[in-house]
Amino acid sequence: MSKENLISKLLKDYDSALNHSGVNGERLGHRLAMLSEIGATADGGVNRPGFSAEEKLAKEQVKVWMKDAGLKVWEDGAGNVFGRLSGLADSIPAVASGSHVDSVPNGGNFDGPLGVLAALEVVEAWKYTGYRPQRPFEVVIFSDEEGARFNGSLTGSMSLMGTIDLEKQLQLTDFNGDSFEEVLEKYGTSLDDLKKASSHKKDIGLFVEVHIEQGKRLEKAGLPVGIVSGIAGPCWLEIIFSGKAGHAGNTPMNDRKDALVAAGEFVVAVETLPEKVSSTAVATVGKLSVHPNGVNVIPGEVSLFADIRDIYENTRDELVSLVTEKANSIAQTRGMEVSIKVNTSVKPVPIDESIQKKLEKAFLENQIEPMRLPSGAGHDSMVLGEEIPVGMIFVRSKDGISHNPKEWSSLNDCVISVHVLKSFIESL
């Protein structure tokens with residue numbers, strides 16, 4: 001979709017009554033469309049990997065808008081961009097808001113940029129009305145949130161928080177075979193400068209992120225925006241069922257140790273387990289490999305990965321235990337071995353109740369029913385939320401589609417998120 005087609009679609013059904021209090025929907029729409037041109041793909045998506053020329057160009061464009069809005073702008077050694085507006089009490093830690101502008105390969109036009117531009121639109125509104133916030137306010141663009149370049153996401157926010165595993169990071173190579181350190185140097189920074197990024201952490205007292213939902217809950221509820229109650233932390237289990245390979249024709253059915261049958265029983269069972277611990281828990285088997293993988297060979301080994309998530313650590317870990325017990329039980333019943341290894345475990349981030357209540361008040365001020373919903377996907381807020389209070393506002397996604405050129409949120413919903421964000425920040 002070209003810039004002209006995107007802005008035409010955004011403005012087609014836009015309700016200009018939402019242009020008030022300094023907020024301008026047409027400006028937001030045009031900026032979304034301009035960013036969609038950077039790294040544009042043939043079918044209307046974008047391709048802006050982290051630390052790429054395209055990501056950098058998108059940041060440079062937003063920097064221009066930040067400076068025009070009166071912000072003091074700088075970029076740290078991790079490529080994170082900050083635009084600061086002084087507050088009446090400028091010595092206290094800032095409220096920050098933003099997201100990212102990198103994308104997955106052939107991604108959509110809203111995931112990331114909307115959060116950055118919504119925060120910037122709040123500043124534009126204040127500039128128009130002459131309002132100055134009590135606390136300093138910072139618009140943030142985090143680098144490499146999606147992780148498409150190195151298969152490891154949230155690089156910028158982890159650098160800010162000082163939680164990035166540099167030893168692991170230095171082992172990574174990108175799709176061109178370039179090392180992480182080489183990519184940093186080509187981008188215009190260095191490993192030493194990246195290490196200094198965490199010095200700014202102390203200056204941020206709260207982070208709030210606007211992001212598309214990437215799901216269907218708001219759409220089904222008929223609501224434009226919602227309050228995130230927590231960000232799920234994933235735990236990835238690598239599970240290997242080891243049976244016995246054999247001839248598919250000569251091995252009787254009662255004398256088999258078919259690892260794929262065991263794995264199939266496990267996959268079906270996993271679907272039933274999340275509801276036993278929490279209404280927000282989920283579990284998915286998304287990757288599976290069969291060995292030796294022959295048409296006429298009984299599978300002797302199956303390795304699979306289970307992705308287990310919840311917004312609460314205790315229930316997430318309870319679900320991990322249930323999944324582990326089920327794998328062990330199936331293997332024992334079928335007389336085979338099973339090995340289970342935790343490959344990834346990220347702490348969930350529940351959103352503080354006081355922040356959710358302040359967001360509810362901001363919703364009600366804008367005549368929006370305050371619906372709470374969990375985030376199953378990871379975000380920069382998840383990284384900051386381990387040490388800094390965070391809040392999240394979700395924006396309705398058409399058909400729940402994301403990471404796809406068909407990703408869509410109406411301009412009306414996007415502008416409503418700006419009004420809610422603005423009300424929330426002013427309440428602080």
Side-chain angles (χ1 to χ4, degrees), residues 21-23 27-28 31-32 35 59 62-63 65-66 69-76 80-87 90 92-101 110-127 131-143 145 154 156-157 160-161 200-201 203-213 225-228 231 349 351-352 355-356 358-359 361-363 366 375 379-385 387-395 409 413-428:
S21 308
V23 175
R27 177 172 52 214
L28 177 61
R31 287 176 171 177
L32 283 166
L35 290 185
K59 289 175 182 174
V62 179
K63 280 183 183 180
W65 295 330
M66 285 179 170
L71 300 181
K72 177 186 176 183
V73 179
W74 74 95
E75 185 169 334
D76 69 17
N80 298 320
V81 175
F82 298 87
R84 182 181 175 94
L85 179 69
S86 295
D90 206 42
I92 62 177
V95 176
S97 183
S99 195
H100 61 97
V101 294
F110 297 84
D111 179 357
L114 175 59
V116 172
L117 296 178
L120 182 56
E121 187 59 30
V122 170
V123 177
E124 295 282 11
W126 288 340
K127 179 182 178 182
Y131 177 87
R132 190 174 175 192
Q134 186 71 20
R135 298 170 62 171
F137 180 65
E138 294 184 359
V139 180
V140 187
I141 308 173
F142 287 112
S143 295
E145 191 268 359
L154 304 163
S157 50
L160 172 69
M161 300 305 294
H200 187 54
K201 175 176 68 173
D203 300 320
I204 299 176
L206 183 148
F207 180 71
V208 56
E209 182 173 6
V210 171
H211 203 282
I212 59 171
E213 181 193 350
V225 288
I227 299 166
V228 176
I231 306 168
V349 177
I351 306 297
D352 188 87
I355 292 176
Q356 292 189 63
K358 287 176 182 175
L359 282 168
K361 183 179 177 183
F363 274 56
N366 289 277
S375 172
H379 303 281
D380 291 308
S381 294
M382 178 176 67
V383 176
L384 273 69
E387 296 184 49
I388 295 173
V390 296
M392 282 197 77
I393 299 166
F394 267 172
V395 179
S409 292
D413 292 352
C414 294
V415 173
I416 289 170
S417 77
V418 175
H419 283 294
V420 171
L421 176 66
K422 178 173 173 289
S423 296
F424 172 72
I425 296 168
E426 290 173 356
S427 75
L428 302 174

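Here the structure is a predicted model, which means the values were calculated and not measured.
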Should Met66 and Ile141 be marked as a side-chain contact (heavy atoms from CB on, under 4.5 Å) after you check the CA-CA gap, both sets of side-chain angles, and the distance that decides it? CA-CA 11 Å; Met66 285 179 170; Ile141 308 173; 4.3 Å; yes
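- Side-chain contact check for Ile355 versus Val208: every heavy-atom pair is 4.5 Å or farther apart.
- Between Leu359 and Val228, the closest side-chain pair of non-hydrogen atoms is not below 4.5 Å.
- Proximity of a side-chain donor or acceptor of Arg31 to a complementary backbone N or O of Val62 within less than 3.5 Å is not detected.
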ask   = Under the side-chain hydrogen bond (donor to acceptor under 3.5 Å, both in side chains) criterion, do Ser86 and Lys72 qualify, and how do the steps go?
value = CA-CA 9 Å; Ser86 295; Lys72 177 186 176 183; over 6 Å; no
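- Using a 4.0 Å cut-off between a side-chain N of Lys or Arg and a carboxylate O of Asp or Glu, Asp90 and Arg84 qualify as a salt bridge.
- With rounding to the nearest 0.5 angstrom, the CD1 atom of Ile227 is 13.5 Å from the NZ atom of Lys358.
- Put simply, the side chain of Ser21 reaches to within 4.5 Å of the side chain of Lys422, judged on heavy atoms.
- The shortest non-hydrogen separation linking Asn80 to Gly156 is ND2-O, 2.9 Å.
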Worked verdict on Phe142 versus Leu384 for side-chain contact (heavy atoms from CB on, under 4.5 Å):
CA-CA 11 Å; Phe142 287 112; Leu384 273 69; 3.8 Å; yes
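- Between Val139 and Trp65, every side-chain heavy-atom pair lies at or beyond the 4.5 Å cut-off.
- The main-chain N or O of Ile204 is never found under 3.5 Å from a side-chain atom of Glu138 such that the two would form a donor-acceptor pair.
- Side-chain atoms of Val395 and Ser409, non-hydrogen and from C-beta on, do get closer than 4.5 Å to each other.
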Query raised in the report: Could you walk me through whether Met382 and Leu154 pass the side-chain contact (heavy atoms from CB on, under 4.5 Å) check?
Result: CA-CA 9 Å; Met382 178 176 67; Leu154 304 163; 3.7 Å; yes
Pair His419, Val23 - check side-chain contact (heavy atoms from CB on, under 4.5 Å), show working. CA-CA 7 Å; His419 283 294; Val23 175; 3.6 Å; yes
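- For the pair Asp203 and Phe82, the minimum side-chain heavy-atom distance is 4.5 Å or more.
- The distance from the CG atom of Leu421 to the CE atom of Met392 is 11.5 Å, given to the nearest 0.5 Å.
- No side-chain heavy atom of Asn366 sits under 4.5 Å from any side-chain heavy atom of Ile416.
- Taken from CG in Leu28 to CD in Glu124, the straight-line distance is 10.5 Å, to the nearest 0.5 Å.
- Here the shortest heavy-atom pairing between Ser143 and Lys59 reads OG-NZ, 2.7 Å.
- A 4.5 Å side-chain heavy-atom check between Met161 and Ile388 finds at least one atom pair inside the cut-off.
- Shown here for Pro93 and Gly205, the closest heavy-atom pair between the two residues is CB-N, 3.5 Å.
- Checked by atom type and distance alone, the side chain of Glu209 pairs as donor or acceptor with a backbone atom of Ser381 at under 3.5 Å.
- Pairing each heavy atom of Ser99 with each of Gly115, the nearest pair is CB-CA, 4.0 Å.
- Annotation: the span from Asp111 atom CG to His211 atom NE2 amounts to 4.0 Å, rounded to 0.5 Å.
- Nearest heavy-atom pair across Leu85 and Pro133 is CD2-CD, 3.8 Å.
- The line from CD of Glu426 to CZ of Phe137 is 10.5 Å long, rounded to the nearest 0.5 Å.
- Separation of atoms OG (Ser97) and CD1 (Ile393) is listed at 7.5 Å; rounding is to 0.5 Å.
- Between Tyr131 and Trp126, the ring-plane angle classifies as tilted under the 30° and 60° cut-offs.
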